[in-house]
Amino acid sequence: MTKKYSSCGTDLVFEQYHVPTNDTGIEIHVRNKRPAAMMRFRADRTIVIVHGATFSSGSLYDVPFNGMSFLDFLAAAGYDVHALDVRGYGHSSRPSEMESPADDSAPVIGTDVGVHDLGVVVDHVRSLRGLERVCVFGMSWGGTVAGAYTSRNADKVKKLALLAPQWLSDKPIPIDAGGPLSAYRLVPVRESKARWLSTAPEYGRATLIPDGWFEQWADFTLAEDPWSQERTPNLMRASNGPIQDIRDYWAVGRKYYNPSEISVPVLLIHGEWDIDVPIDLAQALFLELKNATYRKWVEIGEATHLVLLEKNRLVAYKAIRDFFDEDYTPEVAESSRSNG
């Protein structure tokens with residue numbers, strides 16, 4: 001499907017496509033937005049984006065608040081953006097376990113699968129655009145997926161941006177409510193506003209989400225899973241594989257990947273009020289990125305884990321855009337020795 005439209009004063013192209021995997025019946029859905037005038041493609045202007053553990057790329061990145069989504073913003077800034085749904089999310093194929101009662105199967109779609117599906121789309125975009133590398137962005141669990149992929153595929157990644165990525169924690173991790181885990185969970189989307197607001201201080205809750213935005217987001221998010229809406233209105237399926245990985249890795253001091261193996265430029269963005277990834281976790285990860293070409297931290301005030309959907313979203317949008325825009329090579333200090 002191809003659509004032409006305008007956003008941010010720029011004519012854009014919106015295409016949706018599916019990429020086959022090496023698993024029978026599994027295809028990955030991708031949203032592509034880019035300037036209509038773009039005819040040549042470059043590694044530093046091409047971004048592959050992956051979502052978190054609960055909501056799809058459409059839900060997190062393409063709800064057009066005030067007529068503009070995150071993907072619109074990046075496309076209008078001159079980027080060719082490809083946002084994928086890992087299998088089991090959004091408009092990608094669901095594994096058979098997600099078409100059956102949740103209790104019939106163990107957790108599905110762990111981080112290994114996310115890294116694989118990201119790799120499938122990165123390779124597709126590289127081939128489609130004739131590029132050796134692309135830029136990569138991920139948030140939350142998607143930050144783990146993007147970070148792990150980049151640590152193992154530096155030759156395919158130009159730059160890496162992470163928003164509130166997972167890291168080791170000795171405290172309870174809010175997304176894991178405890179108890180046995182089935183294949184997937186049902187998320188009460190329209191009831192999630194109270195929990196979302198509760199992560200901010202009381203004085204900041206009234207203005208955190210502009211009027212009408214939550215309802216617009218909820219409608220868009222539920223439409224990403226038509227199967228659930230036919231059977232469980234207002235509830236949306238989300239795989240439990242990422243939560244199982246919390247128990248197997250992040251909550252027990254095991255690193256899923258080694259950030260020191262990332263050798264490309266890295267941006268880490270964090271919201272002041274993020275309780276899902278507290279600032280000490282983000283800082284610990286930042287310090288691990290010691291072999292990145294360069295690393296940059298942006299802390300956004302009055303923002304939660306879902307900053308891209310809140311009043312200060314443009315601060316995050318611009319920080320991400322600016323990181324991908326900048327052409328920065330660290331200066332190398334040279335010591336000189338007097339001939340005396």
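Atoms considered below: every heavy atom in the structure, side chains included; atoms not considered: hydrogens, waters and symmetry mates.
- In summary, the side chains of His91 and Gln16 do not present any donor paired with an acceptor at a separation below 3.5 Å, with no hydrogens or angles considered.
- For Ser140 and His305, the side-chain atoms include at least one donor-acceptor pair closer than 3.5 Å.
- The shortest heavy-atom contact between His270 and Leu163 is N-CD1, 4.5 Å.
- Ion pairing between Lys156 and Asp123 holds under the 4.0 Å rule for side-chain N and carboxylate O.
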- [ ] Applying salt bridge (Lys or Arg N to Asp or Glu O under 4.0 Å), run through Lys311 and Glu302 and close with a yes or a no.
- [x] CA-CA 9 Å; Lys311 66 176 184 178; Glu302 298 191 3; 2.7 Å; yes
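- Checked options Phe324, Tyr317, Tyr79; the residue passing with Phe73 is Tyr317 (criterion: ring pair (Phe, Tyr, Trp, His ring centres under 6.0 Å)).
- Of all the heavy atoms in Val157 and Tyr149, the pair that sits closest is CG2-CE2, 3.9 Å.
- Asp211 CG: 12 or fewer foreign heavy atoms inside a 6.0 Å radius.
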- [ ] In sequence, state the C-alpha distance, the side-chain angles, and the governing distance for Tyr17 and His124, and then conclude on ring pair (Phe, Tyr, Trp, His ring centres under 6.0 Å).
- [x] CA-CA 11 Å; Tyr17 61 87; His124 173 81; 5.1 Å; yes
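- By the 4.5 Å heavy-atom criterion applied to side chains, Thr21 and Glu27 are not counted as neighbours.
- Glu310 and Thr304 form a side-chain donor-acceptor contact under 3.5 Å, judged by distance and modelled atom types alone.
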Task: Audit row: Arg129, Asp80, salt bridge (Lys or Arg N to Asp or Glu O under 4.0 Å) steps and yes/no - done: CA-CA 10 Å; Arg129 302 306 194 210; Asp80 177 31; 2.7 Å; yes
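- Taking each heavy atom of Arg313 and Phe65 in turn, the nearest pair found is NH2-O, 3.0 Å.
- The cluster map of Ile, Leu, Val, Met, Phe, Trp and Tyr, joined by side-chain heavy atoms under 4.5 Å apart, puts Ile320 and Val266 in different clusters.
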Task: Test log, rule side chain to side chain contact (heavy atoms under 4.5 Å, CB included), inputs Val13 and Thr2 - done: CA-CA 7 Å; Val13 173; Thr2 301; 3.9 Å; yes
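- The only member of Ile49, Val50, Val125 that meets side chain to side chain contact (heavy atoms under 4.5 Å, CB included) when paired with His82 is Val125.
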Task: Verdict with supporting geometry, Tyr89 and Asp225, side-chain hydrogen bond (donor to acceptor under 3.5 Å, both in side chains) - done: CA-CA 8 Å; Tyr89 290 85; Asp225 188 9; over 6 Å; no
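- Summarising the geometry of Pro172 relative to Pro174, their closest heavy-atom pair is O-CD, 3.7 Å, with the distance given to 0.1 Å.
- Taking a cutoff of 4.0 Å between a charged side-chain nitrogen and a carboxylate oxygen, Arg133 and Asp44 do not qualify as a salt bridge.
- Nearest heavy atoms, Ala164 versus Val277: O-CG2, 3.4 Å.
- In Glu99, the CD atom is crowded: over 12 heavy atoms of neighbouring residues, nucleotides or ligands sit closer than 6.0 Å.
- Here CG of Leu162 is found 7.0 Å from CG of Leu285. Values are rounded to the nearest 0.5 Å.
- Gln283 pairs by the side chain to side chain contact (heavy atoms under 4.5 Å, CB included) definition with Leu287, Trp297, not counting sequence neighbours.
- Ring-plane geometry between Phe70 and Tyr61 is classed as tilted, the angle between the planes lying from 30 to 60 degrees on a 0 to 90 degree scale.
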Task: Criterion side chain to side chain contact (heavy atoms under 4.5 Å, CB included) on Leu208 and Trp196, from CA distance to verdict - done: CA-CA 10 Å; Leu208 182 67; Trp196 181 351; 4.1 Å; yes
Task: Audit row: Trp141, Phe55, ring pair (Phe, Tyr, Trp, His ring centres under 6.0 Å) steps and yes/no - done: CA-CA 10 Å; Trp141 176 67; Phe55 303 112; over 10 Å; no
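- Within the 4.5 Å cutoff, no side-chain heavy atoms of Ser93 are placed close to those of His18.
- Taken from CG in Leu267 to OH in Tyr294, the straight-line distance is 8.5 Å, to the nearest 0.5 Å.
- Taking Ile, Leu, Val, Met, Phe, Trp and Tyr as members and joining any whose side-chain heavy atoms lie under 4.5 Å apart, directly or through other members, the hydrophobic cluster of Phe41 also contains Met38.
- In this structure, Ile262 CD1 and Arg295 CZ are separated by 11.5 Å, a value rounded to the nearest 0.5 Å.
- Using a 4.0 Å cut-off between charged side-chain N and carboxylate O, Asp176 and Arg185 make no salt bridge.
- Arg231 CZ: more than 12 foreign heavy atoms inside a 6.0 Å radius.
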Task: Verdict with supporting geometry, Asp112 and Tyr256, side-chain hydrogen bond (donor to acceptor under 3.5 Å, both in side chains) - done: CA-CA 9 Å; Asp112 287 345; Tyr256 177 80; 2.4 Å; yes
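- The cationic atom of Lys159 (NZ for Lys, CZ for Arg) lies less than 6.0 Å from the six-membered ring centre of Phe323 and within 45° of the ring axis.
- Note that the CG atom of Leu281 and the NZ atom of Lys171 stand 8.0 Å from one another [nearest 0.5 Å].
- Taking the charged nitrogens against the carboxylate oxygens, Asp85 and Arg31 have no contact shorter than 4.0 Å, which rules out a salt bridge.
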Open item on the list: Please evaluate residues Glu224 and Arg237 with respect to the criterion salt bridge (Lys or Arg N to Asp or Glu O under 4.0 Å), reporting the C-alpha separation (whole Å), side-chain torsions for both, the decisive distance (0.1 Å), and the verdict.
Closed with: CA-CA 10 Å; Glu224 291 283 277; Arg237 290 173 294 176; over 6 Å; no
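- Using modelled atom types, one finds no donor on one side chain facing an acceptor on the other under 3.5 Å when comparing Asn240 with Gln244.
- Considering all non-hydrogen atoms of both residues, Trp250 and Gln166 come closest at NE1-OE1, 3.4 Å.
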Task: Evaluation steps, side-chain hydrogen bond (donor to acceptor under 3.5 Å, both in side chains), between Asp245 and Thr111 - done: CA-CA 7 Å; Asp245 284 342; Thr111 310; 2.6 Å; yes
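- Atom CZ of Arg94 is separated from atom OG of Ser239 by 9.5 Å, given to the nearest 0.5 angstrom.
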Open item on the list: Apply ring pair (Phe, Tyr, Trp, His ring centres under 6.0 Å) to residues Phe214 and Trp217 and explain how you reach the verdict.
Closed with: CA-CA 5 Å; Phe214 176 81; Trp217 171 81; 5.6 Å; yes
Open item on the list: Applying side chain to side chain contact (heavy atoms under 4.5 Å, CB included) to Tyr5 and Ser7, what does each step give before you reach the verdict?
Closed with: CA-CA 7 Å; Tyr5 69 108; Ser7 182; 4.0 Å; yes
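- In this structure, Lys3 is not positioned above the aromatic face of Phe14 in the sense of NZ or CZ being under 6.0 Å from the six-membered ring centre and within 45° of the axis.
- Salt bridge status for Arg152 with Glu261: absent, with no side-chain N to carboxylate O gap under 4.0 Å.
- Asp219 and Arg190 are joined by a salt bridge, as a carboxylate oxygen and a charged side-chain nitrogen come within less than 4.0 angstrom of each other.
- Side-chain contact of Ser6 with Asp11: a donor-acceptor pair under 3.5 Å is present, judged by distance alone.
- Classification of Glu15 and Lys33 as a salt-bridged pair fails, no side-chain N sitting under 4.0 Å from a carboxylate O.
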- [ ] Could you give me the CA-CA distance, side-chain angles and deciding distance for Ile28 and Val86, then say whether side chain to side chain contact (heavy atoms under 4.5 Å, CB included) is met?
- [x] CA-CA 6 Å; Ile28 307 304; Val86 173; 6.0 Å; no
